[in-house]
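Here is the structure we will look at.
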2 protein chains.
Amino acid sequence: MNTLSYGLLSMLSQASFSGYDLMLKTQPFWPAKHSQIYPLLASLEREEYVRFEHVAQSERPDKKVYSLTDKGKQALREWLQQPAADPVTRDELMLKAYCLSYTDPDGASRLFAERLEYYRRKLRRHEATSCRFREEGDFPADGSAPPFDSPRFGSYVLLEKALRTARLNIEWTEWALALIANSR
Amino acid sequence: MNTLSYGLLSMLSQASFSGYDLMLKTQPFWPAKHSQIYPLLASLEREEYVRFEHVAQSERPDKKVYSLTDKGKQALREWLQQPAADPVTRDELMLKAYCLSYTDPDGASRLFAERLEYYRRKLRRHEATSCRFREEGDFPADGSAPPFDSPRFGSYVLLEKALRTARLNIEWTEWALALIANSR
DNA sequence: ATTCTTTATGTATCTATTTACATATAGCAA
DNA sequence: TTGCTATATGTAAATAGATACATAAAGAAT
């Protein structure tokens, strides 16, 4: 059982999902391709952490909808008792920053401007998710936090982090672009 | 040539380093073990992107000090023309947040309190680095930014991001801990 | 004295992850 | 009608990364 396997179980604690859904849902915090997810789900099913049912769809391909077994729920409770491993970030732009003087201010601006667009897209997506959650009743409509007992408490805390991080990254990138522009 | 290989070249654009130094320097933005670094350096040397000289040390083991060749510098310039790949973050705590209701407020507080300590340690380290850079003359003593042409411009921009991010993460974790405490 | 940590370099093996190969249906755009 | 995207599931092969094995010497702590 590796971290991603526990991550899949964790997503399934909120609702049942297909492998394709899980692949999309894990992207923000543990990106993985479908070619990694499907074999893991098959293994989790063999060892009875999850079960699935075939769901026929008329307009789309049929799917397998997975849900937690009691063994899966127990595994989650034990996993939560363990401290979380340190987060890992890998960012090519940060590596490029070390040799920024090998290009000119125009080249550097282009790199940071592309990253700024990436952060802005992220913020827009998180804001849309926040609205959707409030409209669909996952979060209270008044903007307050769901209670700790609610299965949405975790999503609320995560979304808040994602929003704050995106805004900070936008501010930092704009600050860096201004520094580069001032040097011209 | 993978991303980490370019990252090693990028670090070498600032100064010459041993494989051990490079392993330590890459941790913040592209963590890698020495067992991954050493073979990459050997391969970069075979293909003449870097060269090394043996440096005998009296009080420590001898080392190989690597530096960029002209071919390595050219490779860096071409790499900088390409847009940077999207950053990747993998964080077990975020996965655990999805099933937080499977534990109690005490268990959840413990998880977030451990992470808070991690972020505080990070901030202290970054602040120490910032002081060191200013004392050693890498950054201007008045707190202003090094000029764009300076090989330290990138480090300055990166350190600023690290400081802002660590502070935001501390604030977010404290906010989450307060939410959990209020539910008790 | 002994154990632990840091510096320093390397290889062998295993696991995790990505890329490519494969297939199928529906909708949309050129 | 041809190609592109999204949904949906899978396998094969390659690469990237982690763990374990190996060695060595100095200093600090116990």
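Within every chain, numbering begins at 1; the chains are lettered A, B, ... in the order of the sequence lines, protein sequences first and strands thereafter.
Taking CZ of A:F139 as the reference point, atom CZ of A:R134 lies at 8.5 Å (rounded to 0.5 Å).
B:L9 and B:L24 fall within a single hydrophobic cluster, where Ile, Leu, Val, Met, Phe, Trp and Tyr are joined by side-chain heavy atoms under 4.5 Å apart, directly or via other members. Cluster annotation: B:W79 is connected to B:L40 through the hydrophobic network of ILVMFWY side chains, with a link wherever side-chain heavy atoms come within less than 4.5 Å.
The side chain of B:L4 lies closest to D:dG17, out of C:dT25, D:dG17, D:dA24. Comparing D:dG17, C:dT9, C:dA20 against the side chain of A:S35 picks out C:dA20 as the nearest. Comparing D:dG17, D:dT9, C:dT18 against the side chain of A:K63 picks out D:dT9 as the nearest. Relative to the side chain of A:H34, the nucleotides C:dT18, C:dA20, C:dG10 differ in distance, and C:dA20 lies closest. Out of D:dT19, C:dA8, D:dT9, the shortest distance to the side chain of A:Y38 is found at D:dT9. Set against D:dG17, D:dT7, C:dT9, the side chain of A:Y20 has D:dT7 as its closest nucleotide. Among C:dT11, D:dT7, C:dT17, the nucleotide with an atom closest to any side-chain atom of A:Q36 is C:dT17. The listed nucleotides are D:dT19, D:dG10, C:dT11; the one nearest the side chain of B:P39 is C:dT11.
Between B:L24 atom CG and C:dT7 atom P there is a gap of 6 Å when expressed in whole angstrom units. Counting to the nearest Å, the C1' atom of C:dT15 and the CE atom of A:M1 are 16 Å from each other. Summarising the geometry, the separation between CD1 on B:I37 and C1' on C:dT9 is reported as 13 Å, rounded to the nearest angstrom. Straight-line distance from the CG atom of A:L22 to the P atom of D:dA8: 12 Å, rounded to whole Å. Rounded to an integer number of Å, the gap from A:D21 CG to D:dT7 P is 9 Å. In this structure, the CG atom of A:L44 is 13 Å from the P atom of D:dG10, given to the nearest Å. Rounded to whole Å, the distance from OH on B:Y6 to C1' on D:dA16 is 16 Å. Per the geometry, CG belonging to B:N2 stands 13 Å off C1' belonging to D:dA14, to the nearest Å.
Mapping A:V65 and B:K33 onto DNA chain D by nearest heavy atom places A:V65 closer to the 5' end of the strand. Projected onto DNA chain C by closest heavy-atom contact, B:R90 and B:P61 fall at different nucleotides, the more 5' of which corresponds to B:P61. Nearer the 5' end of DNA chain C, as judged by each residue's closest nucleotide, is the contact made by A:L40, out of A:L40 and A:R60.
Ion pairing of A:D86 with B:R121 is absent here, as no side-chain N (NZ or NE/NH1/NH2) approaches a carboxylate O to less than 4.0 Å. Checked for salt-bridge contact, A:E171 and A:R167 miss the test: no charged N lies under 4.0 Å from a carboxylate O. At a threshold of 4.0 Å, the pair B:E117-B:R120 counts as salt-bridged, since one of the basic side-chain nitrogens sits closer than that to a carboxylate oxygen.
For the OP1/OP2 pair of D:dT7 and a distance below 4.0 Å, the side-chain nitrogens and oxygens of A:Q57 include no atom meeting the criterion. Taking 4.0 angstrom as the limit, B:W30 places a side-chain polar atom (N or O) nearer than this to OP1 or OP2 of D:dG17.
Screening residues 56-73 of chain A for side-chain hydrogen bond (donor to acceptor under 3.5 Å, both in side chains), with sequence neighbours left out, gives no hits.
Judged purely by distance below 3.5 Å, without hydrogens or angles, the side chains of A:S144 and A:D142 pair a donor atom with an acceptor atom.
Checked by distance alone, B:S18 brings no side-chain donor or acceptor within 3.5 Å of a matching partner on the base of C:dT9.
Nucleic acid contact class of A:A32 (heavy atoms, under 4.0 Å, all strands): sugar-phosphate only.
Taken over five-pair windows at either terminus, the axes of the helix from C:dA1-D:dT30 to C:dA30-D:dT1 are inclined to one another by 30° (rounded to 10 degrees).
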